[in-house]
Amino acid sequence: MSAMGDAPNSDSVDAALEQIRRTHGHVPEGFRLLANHAPDAFLGYMGLREFVFRAPPEGHLAIWTKEFIFVLLDIQAGNIRGARNHLRNAMRAGLTIGQLTEGLVQLIMVGGITAWNMGGREILEFAVEIAGETQPSAG
């Protein structure tokens with residue numbers, strides 16, 4: 001973090017944006033906007049993100065599990081765009097359709113059928129689409 005009134009190091013901001021690009025395959029516009037207009041806040045958020053996304057043995061949960069938790073939390077919060085981004089990352093890291101389905105049923109238990117209707121169903125459909133995209137073609 002920079003001292004009050006000092007501009008944050010642009011190399012630090014650029015490195016943080018590159019870390020997001022490596023994780024997501026792109027930099028979501030919201031991150032770019034925050035980095036440009038509130039770089040200290042962006043770097044503060046990235047500190048939290050770095051802590052959460054530590055892989056074992058430094059972290060305690062597998063990366064796919066962390067991404068999966070964000071999928072469920074984003075659905076509950078109504079952030080379907082975020083849920084889709086984290087779902088793609090979770091599936092790339094090993095999340096299965098069966099695991100997603102169990103988590104979505106847990107989400108219904110907490111958030112009610114509204115959570116399913118407001119995003120759970122869409123996320124499961126998206127997962128099926130992603131799985132279809134990654135299946136090798138026959139013959």
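These figures come from a predicted structure and were not determined experimentally.
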Hydrophobic cluster identity match, Ile80 and Leu107, side-chain contacts under 4.5 Å: yes
Set out, in order, the CA-CA distance, both residues' side-chain angles and the distance that settles side chain to side chain contact (heavy atoms under 4.5 Å, CB included) for Ile97 and Leu124, then state yes or no.
CA-CA 8 Å; Ile97 299 287; Leu124 184 54; 4.1 Å; yes
Tightest non-hydrogen contact, residues Pro39 and Val13, listed as CB-CG2, 3.9 Å
Here the side-chain hydrogen bond (donor to acceptor under 3.5 Å, both in side chains) pairs for residues 95-111, sequence neighbours left out, are Thr96-Gln99
Here the salt bridge (charged side-chain N to carboxylate O under 4.0 Å, His left out) pairs for residues 66-79, sequence neighbours left out, are none
Under a single-linkage definition using a 4.5 Å side-chain heavy-atom cutoff for Ile, Leu, Val, Met, Phe, Trp and Tyr, are Leu100 and Ile69 assigned to the same hydrophobic cluster?
no
Heavy-atom nearest pair, Ile75 first then Ala115, reads CG2-O, 3.7 Å
Taken in chain and number order and not counting sequence neighbours, the residues that satisfy salt bridge (charged side-chain N to carboxylate O under 4.0 Å, His left out) with Glu58 are none
In short, ring pair (Phe, Tyr, Trp, His ring centres under 6.0 Å) pairs touching residues 95-132 with sequence neighbours left out are none
Taken in chain and number order and not counting sequence neighbours, the residues that satisfy side-chain contact (heavy atoms from CB on, under 4.5 Å) with Arg49 are Gln19, Ile20, Thr23, His24, Tyr45, Met46, Phe53
Residues 19-38 vs salt bridge (charged side-chain N to carboxylate O under 4.0 Å, His left out), sequence neighbours excluded, gives Glu18-Arg21, Glu29-Arg32
Quick one: are Leu95 and Leu87 in side-chain contact, heavy atoms under 4.5 Å?
yes
Report task. Group every Ile, Leu, Val, Met, Phe, Trp and Tyr by side-chain heavy-atom contacts under 4.5 Å, then state whether Leu33 and Phe31 land in the same group. Result -> no
Are Ile108 and Leu104 joined in one hydrophobic group, where the rule is that I, L, V, M, F, W and Y side chains link up if heavy atoms are under 4.5 Å apart? yes
Heavy-atom side-chain proximity of Phe70 to Asn89 below 4.5 angstrom
no
Residue set satisfying side-chain hydrogen bond (donor to acceptor under 3.5 Å, both in side chains) with Arg54, at least two apart, ordered chain then number -> none
Distance col, row Leu48:CG vs Leu43:CG, nearest 0.5 angstrom, shows 11.5 Å
Residues 105-128 vs salt bridge (charged side-chain N to carboxylate O under 4.0 Å, His left out), sequence neighbours excluded, gives Arg84-Glu122, Arg121-Glu125
Sorted by chain and residue number, the side-chain contact (heavy atoms from CB on, under 4.5 Å) partners of Ala38 (sequence neighbours excluded) come out as Leu34, Ala41
Sorted by chain and residue number, the side-chain contact (heavy atoms from CB on, under 4.5 Å) partners of Ala55 (sequence neighbours excluded) come out as Ile63
For this session: Identify whether Leu72 and Leu61 are in the same connected component of the hydrophobic contact network (ILVMFWY, side-chain heavy atoms under 4.5 Å).
Result: no
### Query
How about Leu17 and Phe42: do any of their side-chain heavy atoms sit closer than 4.5 Å?
yes
